[in-house]
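Working notes, beginning with the structure itself.
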Amino acid sequence: MKITEKKAVTISYTLKNEGGQILDQATTERPLAYLHGVGMMLPAFETALEGMTVGDMIKPVLSAADGYGLREEEAIVPLPANIFAEAPAEQMVVGNTLHMQDQDGNPIPGTILSIGEEEVVMDFNHPLAGVDLHFEVMVLDVRNATEEELAHGHIHGPGGHNH
Ligand SMILES: [Zn+2]
């Protein structure tokens, strides 16, 4: 069975950056199950998997633009240090990710770039923004999604949702 829209797809994968550093992975013991063609995955990733079958192994390379986007200078924001007065000291470390809120109260993760007396500079770019994504994907299973899975928009069972 080939991977097409609304198939339940189980994969193992390794994601590396240009330098070969492993950024993320799903092993064959703990694979990832997803519903193909509903926008769960990066569009370019789904395009690469389209038409593949069980046992296929592919190594798609997604440019940063096709991945998590390019890094934007506007996403690097100096904030007044006093708004961090309540933050636990162990959280206030350069490189640490804090969960902030945007103007509308939506949670938005940001990474601390620098900490000064007056201001704290936060980087709200996605951690993988500006990174070319080197995937190695093995197709472990392809089946038709159940009616329930289609209604939920995700896959149930191993590698998917358990509820
Ligand atoms: Zn569900």
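Counting starts at 1 for both ligands and their atoms, in listed order. Keep in mind that the numbers below use all heavy atoms, side chains included, and drop hydrogens, waters and symmetry copies. Residues: numbered from 1 along the sequence shown.
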| query | Among the N, O or S atoms that His163 has, which is closest to the Zn ion (ligand 1)? | reply | NE2
| query | Are Val120 and Met92 side-chain neighbours, meaning at least one heavy-atom pair lies under 4.5 Å? | reply | yes
| said: For the Zn ion (ligand 1), give me the closest N/O/S atom belonging to His152, just the atom name. | reply: ND1
| message | Tell me if a side-chain donor or acceptor on Asp104 pairs with a main-chain N or O of Asn106 at a distance below 3.5 Å. | response | no
| field | Metal-centred angle, the Zn ion (ligand 1) as apex - NE2 of His154, NE2 of His156, 10° resolution | value | 110°
| query | Does any pair with a residue in residues 58-71 pass side-chain hydrogen bond (donor to acceptor under 3.5 Å, both in side chains), and if so which ones, sequence neighbours excluded? | reply | Arg71-Asp123
| task | Mind jotting down which residue pairs meet the side-chain hydrogen bond (donor to acceptor under 3.5 Å, both in side chains) criterion with at least one end in residues 129-138? Sequence neighbours excluded, please. | result | Glu18-His134
